[in-house]
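Structure first, then comments.
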Amino acid sequence: LAELLYRMPMALEQMLQKYEPANKAYFEYLSFFPKGARVLDIRRRLPQVYEAAGDKKNALRFYEKLIADASLAADTRVDASIRKATILEKDEQKEEAEKTFEAALAFDSTRRGEIYMRLEKLTDNFDYVQRALETPGDEKFRFAALERLVNKAQKDKNEKELRKLLTEYG
């Protein structure tokens, strides 16, 4: 029964794009199985379903609950932070998005490079690119940061900086 109650809203959400009934079904699962095996998955899905339905207010509220829950793994909290900040950024709430990204940096996560690159894009503060390069984690973002720094050094005709970057990271 638990698996059926979990799979039904997934089908409503992902195949039929019926978000309101999907969320109701997710809440039904939680009412029957408050400590069930899929509770964390559902807690992660709820704000995403609200977001897909265009209900930013509830999406932000449920992302905030995930972020504030100290019992959750850092990766879950960072993912919720990034999703929340993305909504805020699209909604032209750049200061709040920046605060959310900055707060996400407090968590131990392999996504710090991504967060730094997103902060740079949001704030136009190029210092974040250097931080992304120096941060261990996802190599995709470290490489993007290196590429941006090399391009900037080339554009500025700063051969000393270019040599340093290529020697140190190349």
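Note that this is a predicted model, so its numbers are computed, not measured. Hydrogens, waters and symmetry mates are skipped; everything else that's a heavy atom, side chains included, is used.
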Are [X] and [Y] within salt-bridge range, i.e. N to O under 4.0 Å?
| X | Y | answer |
| --- | --- | --- |
| Asp91 | Lys56 | yes |
| Glu3 | Arg7 | yes |
| Arg142 | Asp138 | no |

- Task: Answer yes if Leu149 and Phe143 sit in the same cluster of Ile, Leu, Val, Met, Phe, Trp and Tyr residues linked by side chain heavy atoms under 4.5 Å apart, and no otherwise.
- Result: no
Close side-chain approach of [X] to [Y], heavy-atom, < 4.5 Å:
| X | Y | answer |
| --- | --- | --- |
| Asp156 | Lys152 | yes |
| Val78 | Leu105 | no |
| Lys94 | Glu96 | no |
| Leu30 | Leu46 | yes |

- Item | Glu51 and Tyr63: side chain donor to acceptor below 3.5 Å |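 A pair is found: one side chain offers a donor N or O, the other an acceptor, under 3.5 Å apart.
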- Item | No-hydrogen, no-angle side-chain donor-acceptor test under 3.5 Å, Glu89 and Gln93 | no
To the nearest 0.5 angstrom, please state how far the [atom1] atom of [X] sits from the [atom2] atom of [Y].
| X | Y | atom1 | atom2 | result |
| --- | --- | --- | --- | --- |
| Ile82 | Ile87 | CD1 | CD1 | 12.5 Å |
| Asp69 | Thr76 | CG | OG1 | 9.5 Å |
| Arg77 | Ser71 | CZ | OG | 8.0 Å |
| Leu72 | Asp79 | CG | CG | 11.5 Å |
| Tyr6 | Asp41 | OH | CG | 4.0 Å |
| Phe141 | Thr135 | CZ | OG1 | 12.0 Å |

- Query: Which heavy atom of Phe107 sits nearest a heavy atom of Ala74, and at what distance?
  - Reply: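 Result for this residue pair: CB-CB, 4.1 Å.
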- Query: How far apart are the closest heavy atoms of Ala80 and Ile67, and which atoms are they?
  - Reply: CB-CG1, 3.8 Å
Donor-acceptor pairs under 3.5 angstrom involving side-chain atoms of residues 160-170: please list them, not counting sequence neighbours.
{"from": "Thr167", "atom 1": "OG1", "to": "Arg163", "atom 2": "O", "distance (Å)": "2.7"}

- Query: Does the pair Leu60 and Leu88 meet the rule for a side-chain contact (heavy atoms from CB on, under 4.5 Å), with working shown?
  - Reply: CA-CA 9 Å; Leu60 291 170; Leu88 293 168; 4.1 Å; yes
For residues 114-128, dump all side-chain donor-acceptor pairs below 3.5 Å to protein atoms at least two apart in sequence or in another chain.
{"from": "Glu114", "atom 1": "OE1", "to": "Arg111", "atom 2": "NE", "distance (Å)": "2.9"}
{"from": "Glu114", "atom 1": "OE1", "to": "Arg111", "atom 2": "NH2", "distance (Å)": "3.1"}
{"from": "Glu114", "atom 1": "OE2", "to": "Arg111", "atom 2": "NH2", "distance (Å)": "3.2"}
{"from": "Arg118", "atom 1": "NH1", "to": "Thr86", "atom 2": "OG1", "distance (Å)": "3.4"}
{"from": "Arg118", "atom 1": "NH2", "to": "Thr86", "atom 2": "OG1", "distance (Å)": "2.9"}
{"from": "Glu120", "atom 1": "OE1", "to": "Arg148", "atom 2": "NH1", "distance (Å)": "2.9"}
{"from": "Glu120", "atom 1": "OE1", "to": "Arg148", "atom 2": "NH2", "distance (Å)": "3.3"}
{"from": "Glu120", "atom 1": "OE2", "to": "Arg148", "atom 2": "NH2", "distance (Å)": "3.1"}
{"from": "Thr123", "atom 1": "OG1", "to": "Leu119", "atom 2": "O", "distance (Å)": "2.7"}
{"from": "Thr123", "atom 1": "OG1", "to": "Asn125", "atom 2": "N", "distance (Å)": "3.2"}
{"from": "Asn125", "atom 1": "OD1", "to": "Asp127", "atom 2": "N", "distance (Å)": "3.0"}
{"from": "Tyr128", "atom 1": "OH", "to": "Glu102", "atom 2": "OE2", "distance (Å)": "2.4"}

Please list, one pair per line, the donor and acceptor atoms closer than 3.5 Å that link side chains of residues 17-29 to other protein atoms, with sequence neighbours excluded.
{"from": "Gln17", "atom 1": "NE2", "to": "Gln14", "atom 2": "O", "distance (Å)": "3.1"}
{"from": "Tyr26", "atom 1": "OH", "to": "Glu13", "atom 2": "OE1", "distance (Å)": "2.8"}
{"from": "Tyr29", "atom 1": "OH", "to": "Arg38", "atom 2": "N", "distance (Å)": "3.3"}

